[in-house]
S.K.: 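Here it is: the structure, laid out below.
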Amino acid sequence: ILSGLLLPTSGQVSVAGLDMAEHPEQVRARIGFLPEQPPLYTDMSVEAFLTFVARIKGFKGNLDQAVTDALRVTDLEAVREQFIGTLSHGFMRRVGIAQAVVHRPALVLLDEPTAGLDPKQIKKMRHLIRDLRGKNTLLVSSHILQEIHQVCDRILVIRDGRIAAEG
């Protein structure tokens with residue numbers, strides 16, 4: 001529901017002051033989402049894919065600069081022209097984060113961002129997530145509490161749609 005993939009049937013979700021039920025497309029444009037299995041077009045170059053995502057998210061502004069910024073923040077500049085299908089799993093996860101931030105959303109949702117990564121890649125991903133703090137509001141979803149502890153300032157435990165604990 002927070003990602004905008006499903007609309008709420010009860011309760012309320014708002015992002016940047018906009019209600020999800022009343023303005024779903026406007027809210028979705030303000031959300032960046034990295035699902036556990038990011039939908040990547042493997043036959044596109046990294047740069048072309050990020051340009052495509054920014055356009056479908058309705059990005060208004062300097063598109064080339066937004067793509068360059070997303071490549072820089074995710075350390076993908078060296079592979080910008082490579083086809084996504086030729087990249088390692090770790091690089092694909094970074095492309096997933098780049099597509100989540102390229103349109104400069106108010107809220108970035110990261111679902112299991114370190115899933116399937118080796119220890120070296122996990123360390124890089126933690127650093128990347130920490131670098132995104134302050135530029136975006138981040139919500140990281142994970143069942144690995146150690147990961148959450150490494151990258152988050154505030155932790156919420158949600159059970160049955162309600163906050164069960166926080167700290």
Side-chain angles (χ1 to χ4, degrees), residues 1-16 20 24 27-42 44 46 49-50 53-54 57 67 69-80 82-167:
I1 290 173
L2 285 175
S3 72
L5 293 176
L6 298 173
L7 291 177
T9 55
S10 65
Q12 184 178 355
V13 174
S14 63
V15 175
M20 177 76 78
V27 172
R28 285 184 192 113
R30 289 170 169 78
I31 296 172
F33 179 44
L34 172 70
E36 189 171 351
Q37 297 297 320
L40 304 175
Y41 293 119
T42 57
M44 292 179 83
V46 173
F49 177 67
L50 295 178
V53 169
K57 288 287 193 169
V67 170
D69 291 347
L71 290 166
R72 182 183 40 74
V73 76
T74 54
D75 198 22
L76 290 168
E77 294 150 311
V79 297
R80 74 186 308 145
Q82 279 188 243
F83 287 104
I84 293 170
T86 66
L87 301 175
S88 70
H89 182 70
F91 272 96
M92 285 187 186
R93 295 300 285 178
R94 285 196 251 165
V95 172
I97 289 183
Q99 67 79 32
V101 302
V102 68
H103 61 292
R104 299 180 178 150
L107 173 64
V108 178
L109 305 172
L110 304 175
D111 185 21
E112 302 287 352
T114 60
L117 300 180
D118 65 43
K120 187 176 179 180
Q121 292 170 330
I122 288 171
K123 190 174 180 180
K124 284 184 179 183
M125 186 62 70
R126 284 181 191 152
H127 180 74
L128 171 57
I129 293 168
R130 283 192 295 268
D131 282 352
L132 290 173
R133 292 188 315 196
K135 298 176 188 87
N136 307 90
T137 297
L138 299 176
L139 191 146
V140 179
S141 172
S142 179
H143 65 281
I144 304 170
L145 292 180
Q146 181 183 11
E147 284 303 310
I148 296 296
H149 177 72
Q150 294 282 327
V151 298
C152 295
D153 297 323
R154 184 173 175 211
I155 298 173
L156 302 174
V157 177
I158 299 175
R159 182 179 35 214
D160 298 326
R162 303 248 185 248
I163 296 173
E166 67 178 286

S.K.: Return the set of residues passing side chain to side chain donor-acceptor pair (under 3.5 Å) with Q146 (not counting sequence neighbours), or none when no residue passes.
M.R.: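 Testing Q146 for side chain to side chain donor-acceptor pair (under 3.5 Å), a comparison that skips the adjacent residues, returns none.
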S.K.: If the condition is side chain to side chain donor-acceptor pair (under 3.5 Å), which residues does R159 pass it with, not counting sequence neighbours?
M.R.: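 None.
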S.K.: If the condition is side chain to side chain contact (heavy atoms under 4.5 Å, CB included), which residues does V108 pass it with, not counting sequence neighbours?
M.R.: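 Testing V108 for side chain to side chain contact (heavy atoms under 4.5 Å, CB included), a comparison that skips the adjacent residues, returns A100, V101, P105, L110, N136, L138.
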S.K.: Between E36 and A115, what is the shortest heavy-atom contact and its length?
M.R.: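 The pair with the smallest heavy-atom distance is OE2-CB, 4.1 Å.
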S.K.: Could you note down all residue pairs passing side chain to side chain donor-acceptor pair (under 3.5 Å) where residues 84-102 supplies at least one of them, sequence neighbours left out?
M.R.: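 Pairs touching residues 84-102 that pass the test: Q82-T86.
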S.K.: Flag the pair F49 / L40 as yes when at least one side-chain heavy-atom distance between them is below 4.5 Å, and no otherwise.
M.R.: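 Yes, at least one pair of side-chain atoms sits under 4.5 Å.
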S.K.: Which is it for L2 and L139 under the side-chain contact (heavy atoms from CB on, under 4.5 Å) test, yes or no, and what are the steps along the way?
M.R.: CA-CA 10 Å; L2 285 175; L139 191 146; 4.0 Å; yes
S.K.: I need the D75 CG to E77 CD distance, nearest 0.5 Å.
M.R.: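 So the gap between those two atoms works out to 6.5 Å.
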S.K.: Taking atom OG1 of T114 and atom CD1 of I148, what is their separation to the nearest 0.5 Å?
M.R.: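 The OG1 atom of T114 sits 8.5 Å away from the CD1 atom of I148.
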S.K.: For L76 and F91, work out which heavy atoms get closest and say how close.
M.R.: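 For L76 and F91, the tightest heavy-atom pair comes out as CD2-CD2, 3.5 Å.
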S.K.: Run the side chain to side chain donor-acceptor pair (under 3.5 Å) test against D131 and tell me which residues pass, sequence neighbours left out.
M.R.: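 Only H127 meet the side chain to side chain donor-acceptor pair (under 3.5 Å) criterion with D131.
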S.K.: List for me each residue that meets salt bridge (Lys or Arg N to Asp or Glu O under 4.0 Å) alongside D69, sequence neighbours excluded, and say none if there are none.
M.R.: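 Salt bridge (Lys or Arg N to Asp or Glu O under 4.0 Å) check on D69 returns R72, R104.
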S.K.: Answer whether the closest heavy-atom distance between the side chains of D111 and L34 falls below 4.5 Å.
M.R.: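 Contact flag for D111/L34 side chains = no.
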S.K.: So, taking the atom named OG1 in T74 and the one named CG in L128, what distance separates them when rounded to the nearest 0.5 Å?
M.R.: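 Rounded to the nearest 0.5 Å, the OG1-CG separation comes to 6.5 Å.
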S.K.: Do any pairs count as a salt bridge (Lys or Arg N to Asp or Glu O under 4.0 Å) and have a residue in residues 113-128, sequence neighbours left out, and if so which ones?
M.R.: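 Every salt bridge (Lys or Arg N to Asp or Glu O under 4.0 Å) pair that includes a residue of residues 113-128, provided the two are not neighbours, is R126-E147.
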S.K.: Please report the C-alpha distance between V46 and L50 in whole Å, then the side-chain angles of each, then the deciding distance to 0.1 Å, and finally whether the side-chain contact (heavy atoms from CB on, under 4.5 Å) criterion is met.
M.R.: CA-CA 6 Å; V46 173; L50 295 178; 4.1 Å; yes
S.K.: Taking side chain as C-beta onward, heavy atoms only, is P113 less than 4.5 Å from I129?
M.R.: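 P113 reaches I129 side chain to side chain.
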S.K.: Sequence neighbours excluded, which residues qualify as side chain to side chain contact (heavy atoms under 4.5 Å, CB included) partners of M20?
M.R.: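 M20 satisfies side chain to side chain contact (heavy atoms under 4.5 Å, CB included) with L7, P8, V13, V27, I31 once adjacent residues are dropped.
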S.K.: Check salt bridge (Lys or Arg N to Asp or Glu O under 4.0 Å) between R130 and all other residues, then give those that pass, not counting sequence neighbours.
M.R.: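 Result, salt bridge (Lys or Arg N to Asp or Glu O under 4.0 Å) vs R130: none returned.
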S.K.: Using salt bridge (Lys or Arg N to Asp or Glu O under 4.0 Å) as the criterion, list what pairs up with R30, not counting sequence neighbours.
M.R.: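 Testing R30 for salt bridge (Lys or Arg N to Asp or Glu O under 4.0 Å), a comparison that skips the adjacent residues, returns none.
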S.K.: With sequence neighbours left out, write down each residue that passes side chain to side chain contact (heavy atoms under 4.5 Å, CB included) with A54, or none if nothing qualifies.
M.R.: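 Applying side chain to side chain contact (heavy atoms under 4.5 Å, CB included) to A54 gives F59, L63, V102.
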S.K.: With sequence neighbours excluded, what pairs up with D160 under the salt bridge (Lys or Arg N to Asp or Glu O under 4.0 Å) test?
M.R.: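 Per chain and number, D160 pairs via salt bridge (Lys or Arg N to Asp or Glu O under 4.0 Å) with no residue.
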S.K.: Quick one, I84 and M92 - any side-chain contact, counting heavy atoms below 4.5 Å?
M.R.: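 Yes, their side chains come closer than 4.5 Å.
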S.K.: How long is the straight-line distance from CG of L156 back to CD of E166, given to the nearest 0.5 Å?
M.R.: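 Here the rounded value is 5.5 Å.
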